[in-house]
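Have a look at the structure below before the remarks.
Note that this is a predicted model, so its numbers are computed, not measured.
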Amino acid sequence: SQSTDPAGQLDKLMGDNYDIFKKLCVLRCLRPDLVVPGIQNYISTQIGHKYIEPPPFDMKSCFDDSKCYTPLIFVLTPGAAPMQELLKLADEMGFGSKLFAISLGQGQGPIAENAIQNAVDKGSWVCLQNCHLC
């Protein structure tokens, strides 16, 4: 039976004549769609699986690294939702009632601008969601 795994087929074809890095270079030429998983496998076997795992997210650490004049911007992947952590942090820091969340979209631009100006003047927080819709 023939393997349906292209990386496995390439490994069989090249055998032990080439090290894993050279095999990755050939893989890059023949199947660029398999390079990321191939490199992840390479890193995992060479130096450890922990180097391909993303670190756990820490909202408090992000906040501590920020300044009052610099916004925190989160580029989210599907399934990521930091809003609960933001609400929790706001409560812990006494900003629970001073956090305004605005979901951007049709007609919300002026409302968001007013909320930001209010936050500057009064020291509150503004969370702008769905910024990709603008």
Side-chain angles (χ1 to χ4, degrees):
S1 75
Q2 190 155 1
S3 172
T4 58
D5 171 31
Q9 288 177 338
L10 182 63
D11 197 40
K12 279 184 184 179
L13 182 66
M14 295 181 75
D16 294 331
N17 297 330
Y18 301 94
D19 65 27
I20 190 167
F21 186 77
K22 289 178 182 170
K23 290 177 184 178
L24 281 171
C25 290
V26 172
L27 186 64
R28 166 72 171 86
C29 295
L30 300 176
R31 289 294 305 267
D33 58 313
L34 297 177
V35 171
V36 171
I39 290 175
Q40 286 176 330
N41 185 46
Y42 173 75
I43 291 169
S44 182
T45 57
Q46 296 298 311
I47 60 175
H49 190 71
K50 70 179 183 175
Y51 293 100
I52 63 169
E53 291 295 319
F57 179 70
D58 182 4
M59 182 70 76
K60 177 74 168 102
S61 177
C62 289
F63 178 80
D64 290 343
D65 287 343
S66 71
K67 303 283 185 224
C68 64
Y69 49 83
T70 305
L72 291 176
I73 298 174
F74 300 102
V75 179
L76 305 179
T77 56
M83 192 62 188
Q84 289 304 318
E85 288 187 58
L86 180 62
L87 292 169
K88 180 182 171 195
L89 179 65
D91 283 338
E92 289 171 1
M93 300 191 68
F95 280 84
S97 62
K98 296 179 186 179
L99 170 62
F100 301 96
I102 300 169
S103 185
L104 294 176
Q106 194 171 16
Q108 296 299 304
I111 294 169
E113 288 177 32
N114 288 338
I116 292 169
Q117 189 56 53
N118 247 357
V120 169
D121 296 340
K122 298 178 181 172
S124 57
W125 291 3
V126 178
C127 176
L128 302 177
Q129 298 175 298
N130 299 322
C131 295
H132 64 282
L133 298 176
C134 297

Which pair of heavy atoms, one from Gln129 and one from Ala101, lies closest together, and at what distance?
OE1-CB, 4.2 Å
Distance check, rounded to the nearest 0.5 Å: Glu92 atom CD versus Phe63 atom CZ?
11.0 Å
Minimum heavy-atom separation for Leu104 to Cys131, with atom names?
CD1-SG, 3.8 Å
Flag side-chain contact, heavy atom, 4.5 Å: Gln46 against Phe21
no
Write down the atom of Ser44, the atom of His49, and the distance for their closest heavy-atom approach.
OG-ND1, 3.3 Å
Can you get from Leu30 to Leu27 by hopping between Ile, Leu, Val, Met, Phe, Trp and Tyr side chains that sit under 4.5 Å apart?
yes
Under 4.5 Å between side-chain heavy atoms, hopping through other hydrophobics if needed: is there a path connecting Leu87 to Phe57?
yes
Determine whether Trp125 and Met93 make a side-chain contact, defined as any pair of heavy atoms from C-beta on separated by less than 4.5 Å.
yes
Close side-chain approach of Leu128 to Ile116, heavy-atom, < 4.5 Å
yes
Report the C-alpha separation of Asp91 and Lys88 in whole Å, then their side-chain angles, then the decisive distance to 0.1 Å, and conclude whether the side-chain contact (heavy atoms from CB on, under 4.5 Å) test is met.
CA-CA 5 Å; Asp91 283 338; Lys88 180 182 171 195; 5.8 Å; no
Are Met83 and Leu86 close enough that some pair of their side-chain heavy atoms sits under 4.5 Å apart?
yes
Looking only at heavy atoms, the pair that brings Cys62 and Leu72 closest together is O-CD2, 3.7 Å
So does Asp16 get a backbone contact from the side chain of Lys23, meaning a donor-acceptor N/O pair under 3.5 Å?
no
Among Leu24, Ile52, Ile47, side chain to side chain contact (heavy atoms under 4.5 Å, CB included) partner for Tyr42:
Leu24
What's the shortest heavy-atom distance between Ile102 and Ile111, and which atoms?
CD1-O, 4.0 Å
In the single-linkage hydrophobic clustering (I, L, V, M, F, W, Y; side-chain heavy atoms under 4.5 Å), do Phe100 and Met59 co-cluster?
no
Would Lys98 pass as a cation-pi partner of Phe95, given that its NZ or CZ must be under 6.0 Å from the six-membered ring centre and within 45 degrees of the axis?
yes
Which atom of Lys60 lies closest to which atom of Leu89, heavy atoms considered:
CD-CD1, 3.6 Å
Should we say atom OH of Tyr18 is surrounded by more than 12 heavy atoms from elsewhere, each under 6.0 Å from it?
no
Can you list the residues that meet the salt bridge (charged side-chain N to carboxylate O under 4.0 Å, His left out) rule with Arg31, with sequence neighbours excluded?
Asp33
Do Thr45 side-chain atoms and Asn41 backbone N/O form a donor-acceptor pair below 3.5 Å?
yes
Within this structure, what is the CE-CG distance for the pair Met14 and Asp19, rounded to the nearest 0.5 Å?
9.0 Å
